[in-house]
Protein chains: 2
Amino acid sequence: MKLESEHLEILAMIVEKGGLTEGADALGKSQPSVSRTIALLEQRVGVPLFEPGRRPLRPTELGASLARLGSRIHALNLEARQLVDRYSKGQAGRLRIGGTPIFMDGVIASMIAEFQRHHSDVHIEQSYGYGDTLLPHLRNGSLDLAILPMSAAQIPQDMVFVSLLAGRNVIACRSGHPLTRKGTITLADIDLFPWIAPPADSPLYRDLQRALVSIGSQDFRVNFSGGTFASIASVLAGSDSLTVLPYSVVFLTRKTMQLEALPLKIEHPNRQLGMLFAKESATAPALAPFKSFIAEQCRQLEARIQHDQQVTRRRG
Amino acid sequence: MKLESEHLEILAMIVEKGGLTEGADALGKSQPSVSRTIALLEQRVGVPLFEPGRRPLRPTELGASLARLGSRIHALNLEARQLVDRYSKGQAGRLRIGGTPIFMDGVIASMIAEFQRHHSDVHIEQSYGYGDTLLPHLRNGSLDLAILPMSAAQIPQDMVFVSLLAGRNVIACRSGHPLTRKGTITLADIDLFPWIAPPADSPLYRDLQRALVSIGSQDFRVNFSGGTFASIASVLAGSDSLTVLPYSVVFLTRKTMQLEALPLKIEHPNRQLGMLFAKESATAPALAPFKSFIAEQCRQLEARIQHDQQVTRRRG
DNA sequence: TGCTAATATTGCTTTGCGTTATGAAACTGG
DNA sequence: CCAGTTTCATAACGCAAAGCAATATTAGCA
């Protein structure tokens, strides 16, 4: 015997509304339509679902039981509709975001938290990686968005890159570090302190090397490496070590993490930190609001950085 | 937007089976059929439910979520089918049984307990009443079965009466009562003891009056009345009071309740304790097994009574 | 590059749902 | 008990959708 869920839902509505006519009304159907549906259902069940010869149509014991099940089915159906609805509006679903570890931890994570305060049903799956690992994932659809540093020349044909922040790196140390009290910093000053190295395969590591070369240091002493941002920040705050970090990361976390950027210009490639994603738009609807949210947050962050620098310059 | 529960169930099956072809197989439909169903569903949802251009058809995030809901809908649908199935076989549902209080409590209740050991999903709603109140309830469908004493002449045209046990009443007393030790009992012996009277509107009460008239007693002293069987049995067991009870009740409960029947023939109308129900068969399917179960139980009880009497007679 | 298996498409028939119009039965108030 | 009203069932018919077989297409794979 095959019962259609649709029929059970209709039965439930009739029982709930207490009558065939009202039930049909609530369902947006005509009265004869639901009448026949019930007749068909009764025929399939083989047992009357309503007591015969009663005008305000009263359900049988079995009819009432089936109606309860129909009601639960209807609730699930409704849930499905709402899910589709919210998903289409970008208020639900899953977003898979990958990015470079330090920037994700230091800047993006807190923005994600804020984003989820408005879009609580968007599940964000975060992963870490660099350009060479993120790009294939974007291409085969296992990643919706990558957040990484990139120069204009590097942008692949099939991708779109939206820049968020200047990719400027700085040499970071704990606040109150001896070097912060000096007016001008020389190579000899720098060479006194050990370095924290980011993961060896990261752009940051290459930036660190380049930066040191740019200020004349040929050799450098590494006393901590391989950690994520949380570890790096802890070691940095608890020692006189130095490291290279994106300025945005230092700026955002300097209060809580007790960090500071050294007033030392270092060379770095002309890169932007930004969002990379596939050109074709068959992506999760929640991606659009997420992208614009992150972009807006970064605009505000950029403005705060600008403002802060002006104040510092004026005071300095 | 309107999603059909049917479609969600199909989606669930496809996702579960891991492929369109296998899903179609499991559903007993052709592959093109479910293919088009999914196409239609996707069109209504407006978002792809399966990743495009993948041969072992992999669901999208939304597709997977909807499939989970579809699966739950399917489970409820299955539950509905099973409910109908068990209901049709008389293994589920609700039975409303009404009967005379003493007989229901003393004989039928324990049989109901036994019945439910085999039919655990049959919910029995018991109520009490006499012929004049039970009959209308049977007629308007608010009662499925009545259990009461009735003579052949009383059976209504539109009802069927199945007799269960002889309606013989006896005078009951506690076991070890002074009267049980006497060989022959006279009116004068009886008059020494007070009576427990059943409810004044019950057939038993009229039987009590008739019985006492039949043995010559004009007047009798009542020291307890209005109680249900449990109270009557307690008072009976704890005093030297007498009362009138169906022999079947005394027989079944004499061990646990410490009762005994006096070896005294009393006159009573030619009635049978039996089951009364409406002739037309639009009743709960569970009624049929219940009726035959009760009938069989009473046959066995009758046989035990017969056997017991023969043994008693031989010994006596 | 071709083979194989999985999915889509096509063309057609049947089923069932939707409607309006209308008939029949049950409740209501006098 | 008898109109009147309400409520449900039935009839006739158009249409959307489900069903199938046959066939085209395409992703994986060797």
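Order of the sequence lines fixes the chain letters, A, B, ..., with proteins taken first and strands second; residue numbering starts at 1 for each chain.
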**OP:** Mind calculating the distance between CD (A:E22) and P (D:dT6) to the nearest angstrom?
**Re:** 13 Å
**OP:** Verify the contact: side-chain N or O of B:T21 to OP1 or OP2 of C:dA5, cut-off strictly under 4.0 Å; return yes or no.
**Re:** no
**OP:** Please identify each residue that fulfils ring pair (Phe, Tyr, Trp, His ring centres under 6.0 Å) with A:F293, with sequence neighbours left out.
**Re:** A:F115
**OP:** Drop me the distance from B:I14's CD1 to B:T37's OG1, to the nearest 0.5 angstrom.
**Re:** 8.0 Å
Original post:
Looking at residues at least two apart in the chain, or sitting in another chain, which of them share a side-chain contact (heavy atoms from CB on, under 4.5 Å) with A:S30?
Top reply: A:P32, A:S33
Please list, one pair per line, the donor and acceptor atoms closer than 3.5 Å that link side chains of residues 39-48 of chain B to other protein atoms, with sequence neighbours excluded.
from	atom 1	to	atom 2	distance (Å)
B:E42	OE2	B:L49	N	2.7
B:E42	OE2	B:F50	N	3.2

Subject >> Contact letters for nucleotides 24-30 of chain D, in which S counts primed atoms plus P, OP1 and OP2 and B counts the base, heavy atoms under 4.0 Å >> reply: --BSS--
**OP:** Would you please name every residue forming a side-chain contact (heavy atoms from CB on, under 4.5 Å) with A:E16, sequence neighbours left out?
**Re:** A:M13
Original post:
Looking only at side chains, do B:E9 and A:S5 share a donor and an acceptor under 3.5 Å apart?
Top reply: yes
Original post:
Between the base of C:dA8 and the side chain of B:Q31, is there a donor-acceptor distance below 3.5 Å?
Top reply: yes
Original post:
Judged by modelled atom types alone, do B:Y128 and B:D105 share a side-chain donor-acceptor pair under 3.5 Å?
Top reply: yes
Original post:
Could you give the angle between the helix axes at the two ends of the helix from C:dT1-D:dA30 to C:dG30-D:dC1, with five pairs per end, rounded to 10 degrees?
Top reply: 50°
**OP:** List for me each residue that meets side-chain contact (heavy atoms from CB on, under 4.5 Å) alongside B:T100, sequence neighbours excluded, and say none if there are none.
**Re:** B:F103, B:Y130, B:L148, B:P149
Subject >> Whole-Å gap separating C1' (C:dT7) and CD (B:E51) >> reply: 15 Å
**OP:** Write out all pairs satisfying salt bridge (charged side-chain N to carboxylate O under 4.0 Å, His left out) with one or both partners inside residues 285-294 of chain A, taking only residues at least two apart or from two chains.
**Re:** none
Original post:
Among residues 2-20 of chain A, which residues get a heavy atom nearer than 4.0 Å to DNA chain D?
Top reply: A:G19, A:L20
Original post:
For DNA chain D, which residues in residues 32-44 of chain B have a heavy atom at a distance below 4.0 Å?
Top reply: B:P32, B:S33, B:R36, B:L40, B:R44
Original post:
Are any non-hydrogen side-chain atoms of A:I10 and A:K29 less than 4.5 angstrom apart?
Top reply: yes
**OP:** Just jot down the side-chain contact (heavy atoms from CB on, under 4.5 Å) partners of B:R94, sequence neighbours excluded, or say none.
**Re:** A:E61, B:R96, B:H123, B:E125
Subject >> Side-chain heavy-atom pair A:L135, A:M159 within 4.5 angstrom cut-off >> reply: yes
Subject >> Pairs where residues 63-84 of chain B contributes a residue and the test salt bridge (charged side-chain N to carboxylate O under 4.0 Å, His left out) is met, not counting sequence neighbours >> reply: none
